[in-house]
Amino acid sequence: MRRLLLLAMATGLTACATQPKQETAPVDAAPLSLIPMPAQVQRAPGHYRLDAMTTINVAPGDTQAKHVAAQLQGWIRQARGITPAIVEGKGKSGISLATVSSIKGREAYTLDVGANGVRIAANAETGLFYGAVTYWQLLTDPAAQNGVPAVHIVDAPRFEWRGLMLDSSRHFQSVSDIEHLLDQMAMHKLNTFHWHLTDDQGWRLQIEKYPKLTETGACRKAVGPDIALTGGADTPYCGFYTKDEAKQIVAYAAERHITVVPEIEMPGHAQAAVASYPKFGAGSKKLAVSSDWGVNTALYNVDDGTFTFLQDVLDEVMDIFPSTYIHVGGDEAAKDEWERSKTVQAKMKSLGITDEEKMQGWFIARIGTYLDKHGRRLIGWDEILDGDVPASATVMSWRGTEGAIKAANAGHDVVMAPSPTLYLDRLQSTLPDEPPGRPSGQSLRTIYDFDPVPKEIAGANAHHVLGAQVTVFSEYIPTWSRTQHVIFPRIAALAERTWSPKADWNDFVARLPAQMSRYRAAGIVPADGAFAVAIATEEAPGHKAKVTLSNQTGYGTVRYTTDGSAPTAQSTAYTGPFDVDLPSTVRANAFEGGFGLAGPRDREIDAKSLLRRTSDELDMCGDKLVLRLESPNAVDGVRPVYKVDIMDTCWIWKGAKLDGRYGLSVTVDRLPYNYALWKDVKGIVSRKSRSAAGELEVHQDTCDGPKLATIPLAKAKDGRATLDGILPKREGTHDLCFVITGKPGPKMWVLGDVQLR
Ligand code: ACM
């Protein structure tokens, strides 16, 4: 439909309602590319087109409307290069913003576009702001070049908590990057920025009373990819937000109707704090700020002095952040230090508390009481349920949705943030150029399919679900460009599911290309993995390869070339697997309405490439803790990415054709092993090695099967290298198992790819 409209526009056939006789024109058939889709949309014939005479009109003295008018004016200037004047009183032609008491709900609004103008009405500034956002989306739809189609919209959100969590501890984002993110959250009508400010790997907020929290706690040893960011292994990775910067972010967010909910983790994820002030820790060892990802075991102790410290910190936090909710973490607090600590055990005895999980409940309840006294409400990860938390505590469910189900049915308010579904550090595609992260994948569709109210939360308790949020834990997301990649466009799916009363995946995908163009116009580079074409190959008879093309959403028409030229909207449409001669280069993209939906992808196919597998294309031997990790060192300016189970360095090539093969080459690399695995350490698979550097062994059929080759890793000299091995003569098809001997730590060998010869 979009294609027809563009064609009509190109040939000058489009009706434009600014000319009176076209009032009878049919309703514009092109879908409105609004995300999130408003609650009620009624289309009408005609269009409204901005021009240099357009004004934004507000009632005299309506300061809220005037404020939103100034914001809308800025957006229109950016989108159209026109700066409509703001008029107090009735303008001649244009856009009116009106505060009216008849509309119910602070976030609700109505939007009417007709031939003579636009009217946005709400009973509060937030509703006017969201109405203005909807109008801006209509204005920036590439299909609306000739005017915004007439429409009557009545809208209000389904949920009050529509959020995104950003981890600034594992990796740190600049104030301007966060502001850029807040701009985008607002344009998706998200209203809660949950800011993960403290963790084992960094304390990122200035606290005046405790300067060491940032003098010591904001720096850690640079490891792996961080070394490229700091400039050297001896230069620590540091960063924190001053109080003024944090206040600036709060104010910037508030301008965009976003509440910043700060998170100060306790009693676990406390290593940066304990490294800064050891007297508040429960352990006996002196600790540095951690540079290990995972579950570090440093806990706060339970002395009164530690509560004074935490309350002092919260006083300064409450001074910066006016949010009702203060997030106190509570997750993954390994209790080893409390089990071993005489003072913690004595305190438990004096309180009559018999187990450490209940002690955590006592700890959190004490903090909750303190927050209550200051007119704030405690929110924590679902582990806070393990003790007796006050009924006023709100539970953020991350260990799936079970925590939320239990909490809501026990009368707590809950926010849905289930792992893995809403965790944006999870990969979103299986494309070979997907940046590092955590499998398994959480595609755009997986997020879209998530309904914040699970059926297990009975009707009467459904009101306890405040909403949902995506989380950006940043261990594997060291830069702003990667942050953009994980957030966009998946944030659009979350926005729709937390705002709109209905979900319609096919309709959503059709609205997404316009949203992608809005991202690019705003300087955001979104992930295009929902549309990009994956190119799979296999050997075919007659010195050919069979090529299979697909795209994740199935949206658009896949088109390809085999002559090395860029695919266009006129290229051959893909209808099913096809054969190519060797060598060939296949280039492909998905198209809709004459436009490419993604960056074109290509694959060079020759006899050699058919006998090569990357770690992504190999199976893992198990599923203990699989990651996609990047090399600390770039090759031709790009850091290679490897799929590896960090608890079992073992890969399988299913069904390798071994007839006529007598050799293989393997590319290996050496990565830092900076993981805190706590009790999972016991599950690490360790294989007997013959030498200090270890070997890569190739086994036939199973990982305990006959050993076909042993490749000593010493030759790789502690870095990326391609090593050769000899294979004994074999007939037919066999699975090949590749294992690395020895035990990982402090570095680990990984397999990059395998080439049979
Ligand atoms: C979490 O992912 N530990 C909340």
Side-chain angles (χ1 to χ4, degrees), residues 163-175 177-182 184-185 190 192-205 213-214 217-220 223-226 229 237-241 245-246 249 253 258 260-266 268-273 289-296 317 321 326-333 379-381 383 396 398-399 415 417-427 435-438 442 468-488 490-491 494 627 674-676:
L164 178 144
M165 189 220 79
L166 182 67
D167 171 6
S168 293
S169 174
R170 277 53 176 263
H171 285 101
F172 178 80
Q173 305 81 20
S174 71
V175 171
D177 291 343
I178 291 177
E179 289 178 348
H180 204 164
L181 177 58
L182 291 167
Q184 286 302 313
M185 284 178 65
L190 297 186
T192 307
F193 176 59
H194 166 188
W195 200 6
H196 190 81
L197 282 162
T198 73
D199 215 303
D200 301 310
Q201 298 85 356
W203 184 286
R204 305 280 176 223
L205 180 67
L213 285 172
T214 44
C219 287
R220 66 157 182 270
V223 180
D226 292 349
L229 299 175
Y237 182 93
C238 300
F240 70 93
Y241 307 94
E245 287 171 331
I249 284 173
I258 296 169
V260 184
V261 175
E263 181 179 354
I264 305 295
E265 278 263 23
M266 61 190 79
H269 287 288
Q271 190 159 327
V289 178
S290 178
S291 47
D292 292 340
W293 311 140
V295 179
N296 292 272
V317 166
F321 300 95
I326 304 289
H327 201 303
V328 299
D331 59 319
E332 297 180 313
I379 183 166
W381 300 108
E383 286 93 332
M396 186 171 272
W398 77 277
R399 294 178 298 179
V415 173
S419 166
T421 315
L422 298 187
Y423 270 46
L424 299 187
D425 57 340
R426 299 283 179 158
L427 303 174
R438 299 169 66 197
Q442 299 303 323
Q469 67 177 35
V470 283
T471 65
V472 181
F473 281 105
S474 61
E475 287 91 335
Y476 307 105
I477 307 169
T479 61
W480 171 233
S481 72
R482 287 268 192 80
T483 309
Q484 292 170 60
H485 182 92
V486 302
I487 294 176
F488 304 97
R490 287 185 292 179
I491 189 178
L494 187 273
L627 296 171
N674 55 322
Y675 304 99

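Take D226 and apply the salt bridge (charged side-chain N to carboxylate O under 4.0 Å, His left out) test, not counting sequence neighbours, and it matches R220. For the salt bridge (charged side-chain N to carboxylate O under 4.0 Å, His left out) test, no residue two or more places apart in sequence or in another chain qualifies with R426. Residues passing the ring-ring contact (aromatic ring centres under 6.0 Å, His included) test with H485, sequence neighbours excluded: none. For L427, the side chain to side chain contact (heavy atoms under 4.5 Å, CB included) partners two or more places apart in sequence, or in a different chain, are E434, P439, R628. For the ring-ring contact (aromatic ring centres under 6.0 Å, His included) test, no residue two or more places apart in sequence or in another chain qualifies with F321. Partners of F240 under the ring-ring contact (aromatic ring centres under 6.0 Å, His included) rule, at least two apart in sequence or in another chain, do not exist in this structure. When the side chain to side chain contact (heavy atoms under 4.5 Å, CB included) test is applied to P225, the partners found at least two apart in sequence or on another chain are E630, R639. Every residue two or more places apart in sequence or in another chain that forms a side chain to side chain contact (heavy atoms under 4.5 Å, CB included) with A333 is listed here: P267, L299, K335, Q360. Every residue meeting the ring-ring contact (aromatic ring centres under 6.0 Å, His included) condition with H196, not counting sequence neighbours, appears here in chain and number order: F473. For S474, the side chain to side chain contact (heavy atoms under 4.5 Å, CB included) test picks out D167, R170, H171, Q173, I477, with sequence neighbours left out. E332 is linked by a salt bridge (charged side-chain N to carboxylate O under 4.0 Å, His left out) to nothing, counting only residues two or more places apart in sequence or in another chain. Qualifying salt bridge (charged side-chain N to carboxylate O under 4.0 Å, His left out) partners for D425, counting only residues two or more places apart in sequence or in other chains: R438.
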Next on the checklist: Using the rule given for side-chain contact (heavy atoms from CB on, under 4.5 Å), can you reason through V486 versus V472, listing the C-alpha separation, both sets of side-chain angles and the distance that settles it, and then say yes or no?
Outcome noted: CA-CA 8 Å; V486 302; V472 181; 4.1 Å; yes
Next on the checklist: Under the criterion side-chain contact (heavy atoms from CB on, under 4.5 Å), I'd like the reasoning laid out for W203 against V289: C-alpha separation, chi angles, the key distance, then a yes or no.
Outcome noted: CA-CA 9 Å; W203 184 286; V289 178; over 6 Å; no
Checklist entry - Is there a side-chain contact (heavy atoms from CB on, under 4.5 Å) between V415 and I379 once you walk through the steps? => result CA-CA 9 Å; V415 173; I379 183 166; 4.0 Å; yes
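In this structure, NE2 on H327 lies 10.5 Å from OG1 on T198, to the nearest 0.5 angstrom. Atom CG of D331 is separated from atom OG of S419 by 11.0 Å, given to the nearest 0.5 angstrom. Interatomic distance, CG of L494 versus CG of L164, reported as 7.5 Å (0.5 Å rounding). In this structure, NE2 on H194 lies 6.0 Å from CE on M165, to the nearest 0.5 angstrom. Separating the CD atom in E245 from the CG atom in L205 is a distance of 10.0 Å, to the nearest 0.5 Å. Going from atom CD of E263 over to atom CG of D199 covers 7.5 Å, rounded to the nearest 0.5 Å.
Using bins of under 30°, 30° to 60° and over 60° for the plane-to-plane angle, the ring pair W293/Y476 lands in the perpendicular bin.
Between H180 and W480, a ring centre-to-centre spacing shorter than 6.0 Å is recorded. A distance of 6.0 Å or more separates the ring centres of Y237 and F172.
The shortest distance between side-chain heavy atoms of V261 and I326 does not fall below 4.5 Å. Counting only heavy atoms from C-beta outward, the side chains of H269 and S169 never approach each other to under 4.5 Å. Annotation: side chain of I178 is in contact with side chain of L166 (closest heavy-atom distance under 4.5 Å). Side-chain contact between W398 and L422: absent, with no pair of heavy atoms (C-beta onward) separated by less than 4.5 Å. Taking the side chain as every heavy atom from C-beta outward, T471 and L424 never approach each other to under 4.5 Å.
The only member of N674, D200, N296 that meets side chain to side chain donor-acceptor pair (under 3.5 Å) when paired with S290 is N296. Looking at L182, L181, I491 one by one, the single match for side-chain contact (heavy atoms from CB on, under 4.5 Å) with L190 turns out to be I491.
Residue Q201 comes nearest to G294 through the heavy atom pair NE2-N, 4.5 Å, listed as atom of the first residue, atom of the second, then distance. Annotation for P262 and V317: closest pair CG-CG1, 3.7 Å, computed over non-hydrogen atoms. Shortest non-hydrogen contact noted between A676 and D292 is N-CB, 3.8 Å.
Side-chain contact of S168 with Y241: a donor-acceptor pair under 3.5 Å is present, judged by distance alone.
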